[in-house]
Every structure is written in C-alpha cells, then in structure tokens.
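By convention in this document, chain letters (A, B, ...) are assigned in the order of the sequence lines, proteins followed by strands, and residues within each chain are numbered from 1.
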Amino acid sequence: MYTGHFGIALAAKGIDDRLPLWACIAAAFAPDLVISGSQIVAGIPQKSIEPLVSSLPGGLMLALLVGLMYKWGAKSTWGSLILAGASFLHVVADFITGRAHLWPGGPEVGLHLYRFEYADFALESSLVIAGWLLYHRTLPKHKQRTWPAWLILAFLIGLQLFFEIRPLFLGG
Amino acid sequence: MEMAMSPLLVLAGVLIPATVVLALDAYLRRQT
C-alpha cells in the first residue's frame with residue numbers, strides 16, 4: 001500500500017486533533033521507515049529486517065514500540081494507542097495490497113491487490129478520502145473548504161495514480 | 001509500498017509527499 005497509509009495518518013489526526021500530523025505520518029509509515037532506514041544506515045539486508053517488522057508479530061512489536069515512544073514523549077495514552085494502531089494497520093494494509101510473511105520464517109501470504117491496478121487505486125483512494133474527511137474537520141472552520149485543504153486530497157490521489165501508472169514512464 | 005524498491009526510493013516516496021502534506025497543513029493552521 002502507498003498513499004492509503006497517508007489516509008490512515010490523516011484519519012489518526014482526525015480522531016485526535018492533539019496528535020502532531022508528522023507523528024501520525026511517521027507512525028503510519030513506521031515499518032517502511034524502519035526497513036529502508038536500516039538498509040541505508042546500517043546496511044542490514046532487506047530479507048533480514050523485513051520479516052521482523054512486516055509480519056504480524058513483528059508489526060505488533062513495532063506498533064507497541066511506536067505507542068510507548070509517544071506515551072513516553074507526550075504522556076498521552078489515547079494518542080499512543082492511536083499511533084500504535086496506525087502503525088499496525090500498515091502491516092494489515094500491506095497484506096491486502098501485497099504479500100508478506102505471517103511471522104518471521106512463516107508462509108508468505110496476502111491478497112496482492114497490486115496485481116489489479118484499478119482495484120488498488122480504488123482501495124487506496126477510498127482510504128485517502130476517508131482519512132481526509134476525518135482530518136479536514138480538525139482544520140479551522142473557515143479553512144476547511146479552501147484550496148490548500150483540497151490540494152492535500154488531490155495531491156495524494158494524484159500520487160496514487162502516478163504510482164499505478166509509473167511502469168508506463170519508468171518501465172518495470 | 002513495494003518492498004522490491006530501493007530503500008532510497010521508498011524513503012523519498014514517503015518523505016517528499018509527507019513534506020508537501022505537512023507544509024499545506026501548516027499553511028492551513030497558520031493564524032491570520
């Protein structure tokens with residue numbers, strides 16, 4: 001899943017306005033950030049780190065860590081639960097659009113919706129729209145229908161569209 | 001995101017859109 005994770009981040013912000021949006025985005029992308037960060041910074045092979053954070057137990061552990069970090073930093077139990085949920089939903093969502101190990105060393109399963117671009121686009125755009133609808137209520141009333149608010153929605157849907165058709169430009 | 005992508009591409013694919021969204025959010029919450 002790609003921009004669907006942004007939809008989840010926007011929804012987290014919409015559920016609790018006190019959460020910083022950057023923290024919602026970081027939590028919603030936590031597994032990807034850990035995997036790519038470990039590869040870039042520590043040179044850990046993707047095959048080693050990926051099952052540890054993208055499997056169900058691994059995703060649960062990472063979500064727990066995300067929640068504890070926010071609880072430690074911001075002292076908000078409700079906020080930490082929301083962020084932990086956003087982090088774990090990343091793993092669940094990736095089982096829908098792709099395939100991942102159920103547990104480290106376990107079978108690789110998933111609906112692999114990426115095979116069907118239209119379905120993937122429909123699902124991820126729906127998540128973005130749902131998240132944006134929750135998020136935009138947190139904006140000041142007179143800003144909710146302004147162009148920057150709409151631009152967030154249009155930008156994310158446009159990005160997903162590019163993600164689906166990128167093989168036309170980038171090959172592969 | 002697809003895990004077959006290079007880590008730099010994955011990171012850029014998260015951080016660049018996140019920056020755009022955060023900038024627009026900051027603009028929307030700016031006191032006028």
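Cluster partners of A:Leu68, by chain and number: A:Leu64. The rule joins Ile, Leu, Val, Met, Phe, Trp and Tyr whenever side-chain heavy atoms lie under 4.5 Å apart.
Contact annotation for A:Ile152: both backbone and side-chain heavy atoms come within less than 4.5 Å of a heavy atom of chain B. Of the two parts of A:Pro140, only the side chain, counted from C-beta on, holds a non-hydrogen atom closer than 4.5 Å to a non-hydrogen atom of chain B. Using a 4.5 Å cut-off between heavy atoms, A:Ile25 touches chain B through its side chain atoms alone. Both the backbone and the side chain of B:Val21 come within contact range of chain A, judged by heavy atoms closer than 4.5 Å.
One finds the CD1 atom of B:Ile16 at 7.5 Å from the OG1 atom of B:Thr19 (value rounded to the nearest 0.5 Å).
More than 12 heavy-atom neighbours from other residues, nucleotides or ligands sit within 6.0 angstrom of NZ on A:Lys75.
Between A:Val91 and A:Ser54, the shortest heavy-atom contact is CG1-O, 3.3 Å.
For the pair A:Thr3 (side chain) and A:Phe6 (backbone), a donor-acceptor distance under 3.5 Å is absent. Looking only at distances, no side-chain donor or acceptor of B:Arg29 sits under 3.5 Å from a matching main-chain atom of B:Ala26.
With A:Pro31 as the fixed residue, the side-chain contact (heavy atoms from CB on, under 4.5 Å) test singles out one of A:Val66, A:Leu62, A:Asp94: A:Leu62.
A:Leu10 is not listed as a side-chain neighbour of A:Cys24, based on a closest heavy-atom distance of 4.5 Å or more.
Taking non-hydrogen atoms and a 4.5 Å limit, the residue list of residues 116-138 of chain A in contact with chain B, ordered by number, reads A:Tyr135, A:Thr138.
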